[in-house]
Amino acid sequence: DGSRTRVLIGEGMDYSDATAAVPLPASASQNIRFIVADGDKLRIFERERTNTTNRTPFSQAGSDIRRSGEGSGLDTVQLLLSNDEAFLYALNQGNDTISTFSVSSRGEVAFIEATQLDFTPQEACISPNGGYMIVRGTGGELAVMRIRLS
């Protein structure tokens, strides 16, 4: 009939402060998964892929995936997946860093490192060949960074 249905992520949870979200790669699992940044938290939400009811909400899968090595007051403004879907990048305005996470073929996410920037990141994109990230800062700065490849 051409109508669209919205499916809530974490129905009943307050995500008025959510600042970024990105789908995780389709894996061998039977789940559709998303990561949502909310303040200093990164949370994974999932729903069974085989669920035929579009109105079934996603539920939180596990706890916050952030670790102490990233710092605090992160204020994540953007999440990006690498072209090969093997890495997740979080742009953090609170401490001027980019956090790097590995993403397994099963959709498991693990913190690798935080890279310090000389400016506050505003937005980024990944080059078509997947080898570079272009980051724009809040003050108009522009940086081209080599990023991890599988």
Side-chain angles (χ1 to χ4, degrees), residues 3-117 120-136 143-150:
S3 65
R4 294 181 185 229
T5 304
R6 276 194 278 179
V7 177
L8 299 177
I9 297 176
E11 186 173 25
M13 296 181 185
D14 179 13
Y15 273 89
S16 58
D17 294 330
T19 54
V22 68
L24 285 171
S27 64
S29 83
Q30 293 300 310
N31 297 325
I32 300 169
R33 299 165 57 96
F34 288 86
I35 291 186
V36 176
D38 178 13
D40 277 357
K41 296 182 172 82
L42 287 181
R43 296 182 177 149
I44 297 176
F45 289 90
E46 66 183 357
R47 183 180 80 175
E48 286 185 25
R49 184 182 314 274
T50 57
N51 189 321
T52 58
T53 306
N54 286 337
R55 296 179 191 272
T56 303
F58 288 77
S59 59
Q60 186 170 332
S63 59
D64 180 16
I65 63 172
R66 285 257 149 98
R67 299 293 176 251
S68 60
E70 284 185 89
S72 61
L74 299 172
D75 190 20
T76 299
V77 295
Q78 187 176 4
L79 296 170
L80 297 133
L81 268 178
S82 61
N83 293 0
D84 63 1
E85 300 181 329
F87 298 98
L88 171 74
Y89 300 97
L91 275 66
N92 306 310
Q93 285 187 340
N95 64 357
D96 300 341
T97 62
I98 297 175
S99 298
T100 303
F101 299 84
S102 64
V103 180
S104 75
S105 61
R106 293 178 26 196
E108 297 165 340
V109 180
F111 175 70
I112 297 174
E113 65 184 353
T115 302
Q116 187 68 47
L117 300 172
T120 302
Q122 177 72 33
E123 63 182 339
C125 63
I126 295 176
S127 66
N129 72 0
Y132 297 91
M133 180 184 296
I134 302 153
V135 183
R136 184 175 66 84
V144 178
M145 303 169 59
R146 183 178 296 274
I147 59 175
R148 292 177 178 266
L149 297 174
S150 294

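All values below come from the heavy atoms of this structure, side chains included, with hydrogens, waters and symmetry mates left out.
- At distances below 3.5 Å, not a single donor-acceptor pair connects side-chain atoms of Asn83 with backbone N or O atoms of Gly131.
- Judged purely by atom type and a 3.5 angstrom limit, Thr76 has no side-chain atom pairing as donor or acceptor with the backbone of Ala90.
- Considering only residues two or more places apart in sequence or on other chains, Ala110 meets the side-chain contact (heavy atoms from CB on, under 4.5 Å) condition with Ser102.
- Between the side chains of Thr19 and Asp75, not a single donor N or O lies within less than 3.5 Å of an accepting N or O.
- Here Ile134 pairs with Cys125, Leu142, Val144 under the side-chain contact (heavy atoms from CB on, under 4.5 Å) rule; sequence neighbours left out.
- When the side-chain contact (heavy atoms from CB on, under 4.5 Å) test is applied to Thr120, the partners found at least two apart in sequence or on another chain are Gln93, Asp96, Thr138.
- The structure places CE of Met145 at 9.0 Å from OH of Tyr89, a figure rounded to the nearest 0.5 Å.
- We find the CD1-CG distance between Ile98 and Leu91 to be 4.5 Å, quoted to the nearest 0.5 Å.
- With rounding to the nearest 0.5 Å, the separation of CG in Leu24 from CD1 in Ile35 is 4.0 Å.
- Note: Phe101 CZ to Ile112 CD1 = 9.0 Å, rounded to the nearest 0.5 Å.
- Atom OG1 of residue Thr115 and atom CE of residue Met133 lie 9.0 Å apart, to the nearest 0.5 angstrom.
- Nearest heavy-atom pair across Ala114 and Thr97 is CB-CB, 4.5 Å.
- Under the 3.5 Å distance criterion, the side-chain polar atoms of Gln78 are matched with a main-chain donor or acceptor of Ala124.
- Taking both residues in full, the closest heavy atoms of Tyr132 and Ile147 are given as N-CG1, 3.9 Å, listed atom of the first, atom of the second, then distance.
- Closest approach of Ile126 to Ser82, counting heavy atoms only: CD1-CA, 3.7 Å.
- Considering only heavy atoms from C-beta on, Leu42 comes within 4.5 Å of Leu79 through its side chain.
- A distance of 6.5 Å separates CD in Gln116 from CG in Asn95, rounded to the nearest 0.5 Å.
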